[in-house]
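To find a chain, count down the sequence lines: A is the first, B the second, and so on, and within it residues start at 1. This is a predicted model, so every value here is computed, not measured.
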Amino acid sequence: MTTGNDPVLQVKHIRKSFGNLEVLKGISLEAHEGDVVSILGASGSGKSTFLRCINLLEVPDAGEIRVAGEQVAFKRGRHHLQVPADRRQVDRMRPELGMVFQSFGLWSHMTVLQNVIEGPLHVQKRPRAECIDEAEALLEKVGMADKRNHYPAFLSGGQQQRVAIARTLAMRPRVILFDEPTSALDPELVGEVLKVMRSLAEEGRTMLVVTHEMGFARNVSNRVVFMHQGVIEAQGTPQEMFNEQHSERFSRFILSHA
Amino acid sequence: MSVDIAFIGDTLVQLLHALPITLLLFAASVAVGTLLALLVVWLRVCDVAALRHLARGYIFLFRGSPLLIQMFLLYYGLSQFPEVRQSPFWPVLREPLSCAVIALALCTAGYMAEIFRGGLLAVPPQQIEAGRAAGMSGWLLARRIIIPIALRSCLPAYSTEIILMMKATSLASLVTVYEVSGVAQRIIAETYRTLEVFLCAALIYLVLNFLIVRALAWLERRLSPRHPVLACPTTKKYALSVPRG
């Protein structure tokens with residue numbers, strides 16, 4: 001259980017290899033209530049894999065994950081690979097770590113509203129009327145209330161991503177993981193999604209954001225983490241990171257993304 | 001040659017008397033075959049390698065050999081073993097009708113299992129991951145996300161398969177089941193009027209398949225996402241057509 005200053009998310013020494021390629025070489029990160037952490041890095045630096053390891057869409061080879069004080073239990077599986085010890089624990093903890101994907105992943109056979117109430121209704125087994133009320137309020141918040149009966153195929157990328165954010169919020173997550181939420185969008189649609197994310201940050205939501213949006217990292221987040229080849233190369237507040245030339249590599253990275 | 005309306009009418013009436021048997025063959029073999037196919041595809045994609053190979057072997061066997069030979073082996077072949085004749089299954093295996101249903105179902109299950117597997121492979125992995133991220137797994141994930149999406153994408157291939165099944169019921173006449181084709185052959189043996197009788201039989205199959213096609217097209221439309229305002233999306237509907245001129 002959390003007391004005042006315990007981190008809501010605590011990740012220690014995460015390692016992950018795909019075959020012979022070591023993608024994550026021992027990454028540790030903490031997030032307290034209300035933190036907005038931007039994770040930057042070049043393609044292939046392991047930032048998406050790191051995010052996916054946190055909610056076990058990829059199972060890390062080693063390391064600890066603790067959400068609101070509860071530690072994910074692992075055991076040794078086949079070929080001595082680490083696997084989660086208890087599937088039910090994983091199913092229970094995943095919604096606490098809401099995930100927003102680069103490619104949205106809205107369920108194509110459900111309308112916008114059905115997408116948003118699906119998790120609360122069928123996973124968390126909350127009453128239908130309550131789920132619908134909350135879903136409508138969330139859709140209002142992301143500006144998608146008028147499209148509640150549309151199927152995802154009839155929405156633009158920006159609209160789909162805003163629905164996906166509402167779907168994640170409907171599970172009442174303690175931390176929201178954003179995996180390059182604007183990378184699949186046309187440039188003119190990026191703004192509407194960033195605006196929603198900024199409003200979530202202002203509400204005091206705890207967020208981990210893998211992104212290429214330097215403006216968001218600089219202006220919205222309160223911590224910036226720079227990953228390079230599977231390790232955290234530099235981290236600090238946006239002021240420290242962007243103004244004080246923290247690391248040579250990071251400076252070059254910023255220049256190439258300016 | 002003049003058209004003998006009276007004879008054609010009489011033939012149609014006789015053939016229609018055999019229609020319930022054709023429909024029974026069709027409905028029973030599609031129902032049993034579909035259930036069996038679900039089992040086979042479940043084994044085909046499960047985690048245990050031995051079961052996967054078993055399912056693969058099943059599909060190879062029943063897709064790779066002629067349905068007619070499978071039916072002959074089941075009806076004429078099995079009865080040569082005294083063990084089979086003394087087994088509790090004998091009352092079922094003795095009857096030509098139940099043998100035909102079993103043979104049709106076993107065969108179509110091989111094809112349907114592959115159709116269902118294609119449907120499963122067509123489910124976008126992002127949508128499955130989104131389900132996992134929302135805390136779904138196992139049967140809940142399958143029931144709410146994977147199966148509905150897979151079902152939709154395998155429906156066109158599935159409807160082709162059940163149309164083939166409707167026509168394959170005619171093979172049952174060769175193990176002495178008097179369904180529409182069997183009766184047609186009996187009438188021909190009595191009258192030597194091949195053309196009219198087979199045309200009448202073909203007409204009945206055409207009408208049956210027309211109804212099946214319409215029913216499945218309706219189902220496909222119902223299961224497809226529609227725009228709530230524009231009832232028919234005009235551009236997407238023709239997205240696959242080849243522009244001419």
Is it true that atom CZ of Phe18(A) has more than 12 heavy atoms of other residues, nucleotides or ligands lying nearer than 6.0 Å?
-> yes
With a 4.5 angstrom heavy-atom cut-off, could you sort out which part of Arg167(A) is near chain B: side chain, backbone, both or neither?
-> side chain
Decide whether Asp35(A) and Thr206(A) meet the rule of one side-chain donor and one side-chain acceptor closer than 3.5 Å.
-> no
CZ of Arg128(A): more than 12 outside heavy atoms within 6.0 angstrom?
-> no
Under 4.5 Å to a heavy atom of chain A? For Leu140(B) that would be side chain
Are there more than 12 heavy atoms of other residues, nucleotides or ligands under 6.0 Å from atom CD of Glu220(B)?
-> yes
For the rings on Phe62(B) and Tyr111(B), is their centre-to-centre separation under 6.0 Å?
-> no
Under 4.5 Å heavy-atom distance to chain A, tell me which part of Arg152(B) shows up: side chain, backbone, both or neither.
-> side chain
Heavy-atom pairs under 4.5 Å with chain A are the metric here; pick the option from Pro124(B), Gly131(B), Ser224(B) that has the most.
-> Gly131(B)
Is any residue of residues 105-116 of chain A within less than 4.5 Å of chain B by heavy atoms, and which ones?
-> Gly105(A), Leu106(A), Trp107(A), Ser108(A), His109(A), Met110(A)
For the pair Arg174(A) and Leu97(A), evaluate side-chain contact (heavy atoms from CB on, under 4.5 Å) and give the outcome as yes or no after the intermediate values.
-> CA-CA 6 Å; Arg174(A) 304 188 70 114; Leu97(A) 303 162; over 6 Å; no
So what's closer than 4.5 Å to chain B heavy atoms on Arg52(A): side chain, backbone, both or neither?
-> side chain
